[in-house]
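These notes are about the structure you will find just below.
All ligand and atom numbering here is 1-based and tracks the order in the structure.
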Amino acid sequence: MKEIFIKQRFEVPFRYNVYFKRDLFEESNDFLRKLLESEGASRLAVVIDGGLAQAQPDLRSRIDRYFKGSFTAACIEVQGGEAVKNSWEGVEAVLKLVNEQHIDRHSYVIAIGGGAVLDMAGFAAAIAHRGVRHIRIPTTVLSQNDSGVGVKNGINYFGKKNFIGTFAPPNVVINDVTFLETLNDRDWRSGISEAIKVSLLKDPDFFEWIEENVHALNARNADVMEELIYRCAELHVEHISGQGDPFESGSSRPLDFGHWAAHKLEHVTDYTVRHGEAVAMGIALDVCYAGEIGMLSQALTDRIVRLISSLGFAVYHTDLGDENGMNPEIMHGLVEFQEHLGGVLTITLIEDVGKAVDVHEVDHDAYDRSIKKLKNRS
Ligand SMILES: NC(=O)c1ccc[n+]([C@@H]2O[C@H](COP(=O)([O-])OP(=O)(O)OC[C@H]3O[C@@H](n4cnc5c(N)ncnc54)[C@H](O)[C@@H]3O)[C@@H](O)[C@H]2O)c1
Ligand SMILES: [Zn+2]
């Protein structure tokens with residue numbers, strides 16, 4: 001019998017801008033109001049990171065004042081940090097707000113906060129009414145230079161990072177460096193590891209620029225940090241569209257360099273280690289490993305690990321392993337990384353700064369040796 005079928009194919013273009021602004025909610029700064037007006041928005045659901053609200057107690061009233069008279073805006077605060085991704089509570093709170101505020105597909109959910117709150121709120125916005133418009137206003141270094149400018153959202157489930165989530169590009173992202181003033185030193189530093197990561201994968205000049213600016217970054221120079229964020233965000237954004245696989249249907253995920261161990265370490269330490277801190281250790285580990293298997297020169301291996309340490313990052317954690325080698329639970333992260341992506345195991349290493357290489361099998365002994373070396377170094 002003749003096989004019959006109906007062919008279906010269409011493409012949906014996505015575009016969004018990442019703006020760099022300062023003092024976004026100053027009454028005199030009408031950038032955001034104008035932007036919303038030009039999009040014909042009237043109703044807004046604003047989700048604020050509780051940790052941010054605590055650090056900036058006048059933020060809520062500034063936001064109320066900012067929108068008053070122009071938009072019907074309702075605000076909620078949700079718990080800040082990874083905890084908000086470890087249950088449905090935050091998602092339900094945002095969905096409830098969308099419902100009560102009658103947010104339709106022409107209104108906006110505006111999320112203001114760190115990467116965890118943005119991941120959670122972005123997920124809620126993506127599933128409410130099968131997707132409502134969404135603006136991200138990231139307020140940590142990591143969310144401004146990486147997580148907030150990308151296309152993914154999600155929450156953790158079955159004890160696994162980002163097990164539930166969607167690919168849903170935002171409509172707009174606005175980075176305001178003045179938000180970063182109240183970050184503690186850990187969160188100020190944490191996101192710098194993503195900049196090191198992307199410089200190692202793609203941009204030797206950026207890598208050298210980070211080396212030259214260690215002192216300014218450690219001294220919390222906002223202009224230098226803004227430049228770091230801009231270049232890092234730009235490289236991430238370009239990667240997402242430039243590789244032709246924005247929704248990651250392939251098995252390779254180069255931007256997750258150093259992340260297979262990092263994700264596992266975050267979980268094993270019950271998220272007491274920040275994502276960016278874990279990434280710094282994950283990069284040090286994979287760089288050391290690349291050195292062990294002769295892919296990367298020893299001089300470069302040392303230089304990269306030195307840069308990571310000079311920014312104040314730890315390159316080793318007891319939960320990664322000890323003199324006997326890698327903690328088997330961390331090693332299992334490789335299996336989970338493969339499961340999450342599907343297909344063959346693919347991890348990205350580097351053979352030089354700016355030269356990424358995909359590998360499909362690993363030498364466990366070399367990882368054991370790398371752990372020992374990093375332990376001795378620290
Ligand atoms: N979607 C993606 O593509 C992607 C990529 C990388 C990371 N992530 C996720 O991002 C999350 C980490 O994000 P993060 O590093 O921003 O940490 P975070 O969201 O946990 O925030 C860290 C802490 O800072 C507080 N905070 C936020 N802004 C503040 C401010 N301006 N002043 C003072 N305190 C403030 C928060 O309340 C929280 O306690 C992880 O869940 C990670 O999985 C997602
Ligand atoms: Zn990351």
Side-chain angles (χ1 to χ4, degrees), residues 24-25 47-57 59 77-86 90 111-123 126 134 136-156 160-170 173 175-198 201 220 222 225 229 232-233 236-237 239-240 246-248 253-267 271-283 340:
L24 195 62
F25 291 109
V47 183
I48 305 174
D49 183 314
L52 168 70
Q54 206 173 4
Q56 303 189 8
L59 178 65
E77 276 172 35
V78 294
Q79 191 175 9
E82 196 67 27
V84 81
K85 288 176 66 174
N86 284 333
I112 309 169
V117 166
L118 298 187
D119 270 4
M120 178 285 290
F123 173 57
H134 178 43
R136 296 199 198 125
I137 302 177
T139 63
T140 60
V141 172
L142 189 128
S143 56
Q144 292 196 354
N145 73 7
D146 177 345
S147 84
V149 302
V151 296
K152 297 184 277 186
N153 58 52
I155 59 171
N156 309 327
K160 290 175 181 161
K161 281 280 287 184
N162 307 322
F163 187 87
I164 301 177
T166 73
F167 289 94
V173 181
N175 279 341
D176 177 347
V177 76
T178 62
F179 274 118
L180 309 182
E181 282 161 20
T182 50
L183 287 176
N184 62 33
D185 285 343
R186 281 181 77 184
D187 288 308
W188 171 271
R189 179 187 307 117
S190 172
I192 300 174
S193 61
E194 302 283 5
I196 298 173
K197 170 199 78 179
V198 81
L201 293 170
R220 297 190 63 142
M225 183 57 100
I229 289 168
C232 181
H236 275 88
V237 166
H239 179 91
I240 292 166
F247 292 173
E248 297 173 359
R253 198 154 62 168
L255 282 183
D256 272 357
F257 174 47
H259 276 56
W260 72 266
H263 280 162
K264 200 65 208 175
L265 182 65
E266 282 181 84
H267 178 65
Y271 300 98
T272 53
V273 174
R274 294 269 195 270
H275 179 73
E277 293 170 337
V279 168
M281 289 186 244
I283 294 171
H340 188 80

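Ligand 1 has no N or O atom lying under 3.5 Å from any N or O atom of Asn153, backbone or side chain. Backbone and side-chain nitrogen or oxygen atoms of Ser190 are examined, and none is located within less than 3.5 angstrom of a nitrogen or oxygen of ligand 1. Considering backbone and side-chain atoms together, Leu180 places no N or O closer than 3.5 Å to any N or O of ligand 1. Of the polar atoms of Asp146, none of the N or O atoms is found under 3.5 Å from an N or O of ligand 1, judged by distance alone. Between Gly50 and ligand 1, a contact under 3.5 Å exists for no N or O pair. In terms of polar-atom proximity, Leu142 is not counted as a contact of ligand 1, lacking any N or O under 3.5 Å from an N or O of the ligand. Here's the thing with Arg274: none of its N/O atoms is less than 3.5 angstrom from an N/O atom of ligand 1. Some N or O of Asp49 is nearer than 3.5 Å to an N or O of ligand 1, by distance alone. Between Glu266 and ligand 1, not a single N/O pair is under 3.5 Å apart.
For the pair Leu59/Phe179, a side-chain contact is recorded, criterion being any heavy-atom separation below 4.5 Å from C-beta on. The side-chain heavy atoms of Phe123 and Lys85, taken from C-beta on, include no pair separated by under 4.5 Å. Put simply, the side chain of Val47 does not reach to within 4.5 Å of the side chain of Ile112, judged on heavy atoms. For the pair Glu194 and Val141, the minimum side-chain heavy-atom distance is 4.5 Å or more.
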Would you check, one step at a time, whether the test side-chain contact (heavy atoms from CB on, under 4.5 Å) holds for His275 with His259?
CA-CA 9 Å; His275 179 73; His259 276 56; 3.4 Å; yes
Set out, in order, the CA-CA distance, both residues' side-chain angles and the distance that settles side-chain contact (heavy atoms from CB on, under 4.5 Å) for Val117 and Val78, then state yes or no.
CA-CA 8 Å; Val117 166; Val78 294; 3.9 Å; yes
Begin with the C-alpha distance, continue with both residues' side-chain angles, and end with the deciding distance and a verdict on side-chain contact (heavy atoms from CB on, under 4.5 Å) for Lys161 and Lys264.
CA-CA 8 Å; Lys161 281 280 287 184; Lys264 200 65 208 175; over 6 Å; no
What's the verdict on side-chain contact (heavy atoms from CB on, under 4.5 Å) for Phe247 and Lys152, showing C-alpha distance, side-chain angles and the deciding distance?
CA-CA 8 Å; Phe247 292 173; Lys152 297 184 277 186; over 6 Å; no
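Between Glu277 and Ser190, the side chains place no donor N or O within less than 3.5 Å of an acceptor N or O (distance only, hydrogens not considered). Under 3.5 Å, the side chains of Thr166 and Asn153 contain a donor-acceptor pair of N or O atoms. For the residue pair Asn156 / Glu82, a side-chain donor-acceptor distance below 3.5 Å is found, with atom types taken as modelled.
Residue contacts with ligand 1, taken as heavy atom pairs separated by less than 4.0 Å, involve Ser147 via backbone and side-chain atoms alike. Within the 4.0 Å heavy-atom criterion, the part of Lys161 lying near ligand 1 is the side chain and not the backbone. With a 4.0 Å cut-off on non-hydrogen atoms, Leu183 touches ligand 1 through its backbone as well as its side chain. Contact annotation: for Glu181 versus ligand 1, there are no heavy atoms closer than 4.0 Å. When non-hydrogen atoms are compared, ligand 1 lies under 4.0 Å from the side chain of His275 (C-beta onward) but not from its backbone.
Here Leu24 contributes atom CG and Thr139 contributes atom OG1; the two are 11.5 Å apart, rounded to the nearest 0.5 Å. With values rounded to the nearest 0.5 angstrom, Ile137 atom CD1 is found 8.5 Å from Asp176 atom CG.
Around the Zn ion (ligand 2), the protein atoms of type N, O or S that sit closer than 2.8 Å are Glu194 OE2, His259 NE2, His275 NE2.
Of all protein heavy atoms, the one closest to atom 22 (C) of ligand 1 is Asp187 OD1, 3.5 Å. In terms of protein heavy atoms, atom 28 (N) of ligand 1 is closest to Thr139 OG1, 2.7 Å. Summary of contacts: the protein heavy atom closest to atom 31 (N) of ligand 1 is Phe179 O, 2.8 Å. Among all non-hydrogen protein atoms, the one lying nearest atom 33 (C) of ligand 1 is Thr182 O, 3.3 Å. With hydrogens left out, the protein atom closest to atom 3 (O) of ligand 1 is Lys152 CE, 3.6 Å, a heavy atom. In this structure, atom 20 (O) of ligand 1 lies nearest to the protein heavy atom Gly81 CA, 3.3 Å. Scanning the protein heavy atoms around atom 21 (O) of ligand 1, the nearest turns out to be Thr140 CG2, 4.0 Å.
Every atom of ligand 1 is numbered from 1 in the order shown, and the set under 4.0 Å from a heavy atom of Gly51 is 37 (O). Taking a cut-off of under 4.0 Å to the non-hydrogen atoms of Gly80, the atoms of ligand 1 that pass are 37 (O). Heavy-atom proximity to Glu82, at under 4.0 Å, picks out these atoms of ligand 1: 20 (O), 40 (C), 41 (O).
Using a 4.0 Å cut-off between charged nitrogen and carboxylate oxygen, Arg220 and Asp185 count as a salt-bridge pair. Looking at Asp146 and Lys197, a side-chain N of the basic residue comes within less than 4.0 Å of a carboxylate O on the acidic one, giving a salt bridge.
Here atom 13 (O) of ligand 1 lies nearest to Gly115 when heavy atoms of Gly114, Ala53, Gly115 are compared. Looking at Asn162, Val141, Asp119, it is Asp119 that brings a heavy atom closest to atom 1 (N) of ligand 1.
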